[in-house]
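Chain letters run A, B, ... following the sequence lines, proteins first and then strands; every chain starts at 1. Scope of the values below: all heavy atoms of this structure, side chains included, with no hydrogens, waters or symmetry mates.
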Protein chains: 2
Amino acid sequence: MGISDLIAGFIQEALEDSDGVLELQRSDLAQRFNCVPSQINYVMSTRFSPEQGYIVESRRGGGGYIRITRVRVDRETLLMHVINSLGDTLDLPSARAIARNLVDNGAISLEAGRTLLSAVGDAALRAAPRESRGAIRADVFKQVLIHLV
Amino acid sequence: MGISDLIAGFIQEALEDSDGVLELQRSDLAQRFNCVPSQINYVMSTRFSPEQGYIVESRRGGGGYIRITRVRVDRETLLMHVINSLGDTLDLPSARAIARNLVDNGAISLEAGRTLLSAVGDAALRAAPRESRGAIRADVFKQVLIHLV
DNA sequence: TTCATTTTGGTCAAAGAAAGTCAAAATTCA
DNA sequence: TGAATTTTGACTTTCTTTGACCAAAATGAA
């Protein structure tokens, strides 16, 4: 077990204690674990990605920080299920149907549903080449859902 | 948390109390927070800009002052303003800044803001050719906002 | 009135304080 | 062994703090 796992473990415990949100300083943490600061970035991107249910925000400069938020898991399963069922390409009618469903289920808010649909509509993707529109639509759709988890 | 944040916090509280307008003296404030006067200018420009919903006026000389006014614009106007200010192409950092602002202003919900950002992120647009990404990002961003108005 | 002085606030650039990126080197795993 | 993962560190970017110098408004003396 490497140092990355140690750091990840430490953060997860701290997240338990602090009930889901945690703010820390990159260099502090690096010192505590005796590693270079950039290793913290590595840990963030490999173990605390949105796909894994975390949101990581940060700020540079004096008084900078890294904030990690664990998102709740209830609708996570539902959303994950939907995400995993999506293929590499997606047409607009299907997108509409899926969004409608998620809203009806209460998995996402009406506002988020609308936002989602306007992001994958024809007007939004008009600058994209025809042949890759389906793929882009699928990517956008997935990304939005992933980040909503 | 740095000194700039302290100062900003102090001002915001004072604004609450005084119901939206506040007049103060640069050197007073600087003394109170034990910093150089120009730091006040820094705080003004980074935390009380018009984009963030404030008007800052000032006057030099004897009896000089800095007046901060919090302005409340209705969300429709604000959204329209933002939409119209967008160009044909948009980079990710700018998108982030704008979204953050809209959320802070209460013009869109946090959820919608997140949704918006994940829709224009790199992962969402990876299937789009590099050279048209900026354009697609701008289109998506605009469409989402338009539908949120 | 006119002009010098004083009292404010403004600008800008340099220095400092975090965090981010990227790719090479090291290590681990299949 | 070869590929994937992890560890490092040089370099970059962003945000903050500080200070030297500038500009404008008020005030009072000539």
**Report entry** First-last contacting nucleotides on DNA chain C - partner chain A, under 4.0 angstrom, heavy atom
**Finding:** C:dA17 to C:dT21
With heavy atoms under 4.0 Å as the rule, sort [X] into base, sugar-phosphate or nothing.
X: B:Gly61; value: base
X: A:Ile3; value: sugar-phosphate
X: B:Tyr42; value: base

Requested in this report: Write down the atom of B:Ile3, the atom of B:Phe33, and the distance for their closest heavy-atom approach.
Outcome: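 Scanning both residues, the minimum pair turns out to be CD1-O, 3.2 Å.
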Query raised in the report: Considering all heavy atoms of both residues, which atom of B:Ala8 and which atom of B:Phe48 are nearest to each other, and what is their separation?
Result: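 Result for this residue pair: O-CZ, 3.7 Å.
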**Report entry** Step-by-step side-chain contact (heavy atoms from CB on, under 4.5 Å) determination, A:Ile55 to B:Arg114
**Finding:** CA-CA 10 Å; A:Ile55 291 169; B:Arg114 275 215 268 264; 3.5 Å; yes
To the nearest 0.5 Å, tell me how far [X] [atom1] sits from [Y] [atom2].
X: B:Gln25; Y: B:Ile40; atom1: CD; atom2: CD1; value: 12.0 Å
X: B:Leu22; Y: B:Asp17; atom1: CG; atom2: CG; value: 9.5 Å
X: B:Gln52; Y: B:Asn101; atom1: CD; atom2: CG; value: 5.5 Å

Query raised in the report: With distance as the sole criterion, is a donor-acceptor pair present between the side chains of B:Ser49 and B:Glu51 under 3.5 Å?
Result: yes
Query raised in the report: Between B:Ser94 and B:Asp91, do the side chains contain an N or O donor and an N or O acceptor separated by less than 3.5 Å?
Result: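 Checked: B:Ser94/B:Asp91 side chains pair up, N/O donor to acceptor below 3.5 Å.
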Report task. Would you mind reporting whether B:Ile146 and B:Gln143 have side-chain heavy atoms less than 4.5 Å apart? Result -> yes
Requested in this report: Return the residues of residues 44-60 of chain B meeting this criterion: a heavy atom under 4.0 Å from some atom of DNA chain D. Order them by number, or give none.
Outcome: B:Arg47, B:Arg59, B:Arg60
Report task. With a 4.0 angstrom cut-off to heavy atoms of chain A, pull out the first and last contacting nucleotide of DNA chain D, in 5'-to-3' order. Result ->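 The contact span of chain A on DNA chain D goes from D:dT5 to D:dT16.
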**Report entry** Expected output: side-chain A:Lys142 to main-chain A:Asn84 donor-acceptor under 3.5 Å
**Finding:** no
